[in-house]
Amino acid sequence: MITLPPDDKILAIFKDCCEKLDIDGSKKNMEELVIYDMTDGTRTSTGLEGSDAYFDGGLFVMRFVHFLRVLGAKNSYINVIHEGHKERVNYRDIYEGMRRHVDMYREFSKMDNVRLRFVGKYDVRIDPGDTTYDLRKDLKDLEDASAENPEHTVHFMINYSTRWAAEEGKEFFKALPEVNVILRHAKGYVNGDMWLYGKLNNNSFVYAQNGSSNMNWSDRQIIMLISLCLRSMLLNKGTHLSKKYEGDEKDLVRQKREVELSFIHSSFYDESEEAKMKKRVVIFSSYGPEIYEF
């Protein structure tokens, strides 16, 4: 297993991050936060090759979910395999990386009291086609073993597509929690068939320039990443669909966005304290973009 910091240290780092970002990191706000982490960049963020890169990416997710659980978040989503991924030339590496995660995630879910749910099309095989190993049985065992774990539920999108969620999986999918933050690593878009059908009506978008590689992120950096997702949620809360402007609010938005071209660029990176490479995240408010380095 990976080494995780004690809860009191995680909470202390989070408190410091919230103070830097001027946000309310209350239990209520963290319980409301639901992040869809679109992991990416595992092949290009380190020198790791083959399944080692994807195994490392899975360890990043484990730490990310652990910190969310400690900080009070109740649900999250992680993209893993799109239906089209099975056609990729490196799909065997992806599949092998997941196989290597099974025992670690079994131990992790017990230790952290986390529920693992695997969401996608399972009436077809998802293996590369040249192996007898069927990962679906292991995923089912993990799901069953963790079904009563109440602390946090992480939804892994496996052989998922928006079309599946809108059609075959519609009844199942509509019972899942809504997402309010899309976190996208390494790229500035959401893949066309990886939208979470009916779950993004109140979302905000967070771009992390750096890939989701475990070995490249410190604990403090991952916690700051979560804090920035919380800031994104809070900044955009109430701005969807039924937004009503009160008093001189429209004038303020116009002044900040159109006249001043509001733009925040802050750096919290201190190389004397941070051993890992600098990270950069972009979020958005009604006034404009905000860039943070840490």
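- Ring geometry, Y105 versus H101: the interplanar angle exceeds 60°, so the pair is classed perpendicular (tilted spans 30 to 60°).
- Between D193 and R163, the closest side-chain pair of non-hydrogen atoms falls below 4.5 Å.
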Where do S161 and E83 land on the side-chain hydrogen bond (donor to acceptor under 3.5 Å, both in side chains) test, with the steps shown first? CA-CA 6 Å; S161 72; E83 280 192 78; 2.5 Å; yes
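- Within the 4.5 Å cutoff, the side chain of I291 has no heavy atoms near those of the V281 side chain.
- Checking side-chain atoms of K74 against main-chain N and O of G72 turns up no donor-acceptor pair under 3.5 Å.
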Show your working on side-chain hydrogen bond (donor to acceptor under 3.5 Å, both in side chains) between H185 and Q209 and close with a plain yes or no. CA-CA 6 Å; H185 289 269; Q209 183 169 343; over 6 Å; no
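- Looking at residues two or more places apart in sequence or on another chain, you find a side chain to side chain contact (heavy atoms under 4.5 Å, CB included) between N113 and N149, P150, E151.
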Side-chain atoms of residues 171-179: list all donor-acceptor pairs with protein atoms under 3.5 Å, sequence neighbours left out, distances to 0.1 Å.
| from | atom 1 | to | atom 2 | distance (Å) |
| --- | --- | --- | --- | --- |
| E171 | OE1 | K174 | NZ | 3.0 |

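- E143 places a side-chain N or O within 3.5 Å of a backbone atom of F118 that can act as its donor or acceptor partner.
- Between the N203 side chain and the L200 main chain, a donor and an acceptor come within less than 3.5 Å of each other.
- If you run salt bridge (charged side-chain N to carboxylate O under 4.0 Å, His left out) between E249 and each of K243, R254, K244, only K243 comes through.
- Side-chain contact between F55 and N214 is absent, with no heavy atoms from C-beta onward closer than 4.5 Å.
- Judged by distance alone, the side chain of Y160 and the main-chain N or O of W195 form a donor-acceptor pair under 3.5 Å.
- Side-chain contact check for N210 and R280: no donor-acceptor pair (N or O, by modelled atom type) lies under 3.5 Å.
- In this structure a side-chain-to-backbone donor-acceptor pair under 3.5 Å is present from N216 to S45.
- Looking only at side-chain heavy atoms (C-beta outward), V70 and H152 stay at 4.5 Å or farther from each other.
- Judged by the 6.0 Å distance and 45° axis criteria, K276 is not positioned over the aromatic ring of W217.
- Between Y77 and Y36, the ring planes are perpendicular. Angles over 60° get that label, and only those under 30° would be called parallel.
- Side chain to side chain, R115 and S109 fail the donor-acceptor criterion of an N or O pair below 3.5 Å.
- No donor-acceptor distance shorter than 3.5 angstrom exists from the side chain of S212 to the backbone of G41, with no hydrogens or angles considered.
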